[in-house]
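Residues: numbered from 1 along the sequence shown.
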Amino acid sequence: PAAEPPQVKRHPSGEGWVVTGTEVESLVARFDASNRDAVSYLQGHFRALGIDKLLKRAGAKTGDEVHIGEATFDYLAEDVPVSEAEGEES
């Protein structure tokens, strides 16, 4: 069977996004989403698969939750400087 291409949909709650697709779901299933290095590695793959562009086109904003399989990530728009995106806790 052909691999299902990545798709982005609004989460049923209306909060956040759901990304589906054979490759991206199996990729996420193999990684520990609480491990920072693993998440950084996954983000590179998301870019390569065009997930970030799909989310941006769908209207995702920095900080929105993105659900992929059993994992949840925070969306980070590419045009946000890293120092701003990490948000200093005061």
Should Val19 and Gln7 count as side-chain neighbours, where that means a heavy-atom distance under 4.5 Å?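 They are not in side-chain contact.
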
State, yes or no, whether a side-chain contact exists between Glu15 and Glu65 at a heavy-atom distance under 4.5 Å.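 When only atoms from C-beta onward are counted, Glu65 and Glu15 do not touch, as no gap falls below 4.5 Å.
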
For a quick test of reading the model, state the closest non-hydrogen atom pair linking [X] to [Y] and the distance between them.
X	Y	value
Val28	Ala71	CG1-CB, 3.5 Å
Tyr75	Lys56	OH-CB, 3.6 Å
Leu54	Pro6	CD1-O, 3.7 Å
Ala58	Val8	CB-CG1, 3.9 Å

Straight-line distance of [X] [atom1] to [Y] [atom2], nearest 0.5 Å:
X	Y	atom1	atom2	value
Phe31	Ile68	CZ	CD1	12.5 Å
Leu49	Leu42	CG	CG	10.0 Å
Leu76	Gln43	CG	CD	6.5 Å
Glu70	Glu25	CD	CD	9.5 Å

Applying a strict under-4.5 Å side-chain criterion to I, L, V, M, F, W and Y, I'd like to know whether Val39 and Val18 cluster together. no

Using a 3.5 Å distance criterion without hydrogens, assess whether the side chain of [X] forms a donor-acceptor pair with backbone atoms of [Y].
X	Y	result
Thr22	Ala3	no
Asn35	Asp32	no
Arg10	Gly16	yes
Thr72	Val66	no

Kindly check if the number of other-residue, nucleotide or ligand heavy atoms within 6.0 Å of CD (Glu4) is above 12? yes

Return the orientation label for the Phe73 and Phe46 ring planes: parallel under 30°, perpendicular over 60°, tilted otherwise.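 Rings of Phe73 and Phe46: perpendicular, over 60°.
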
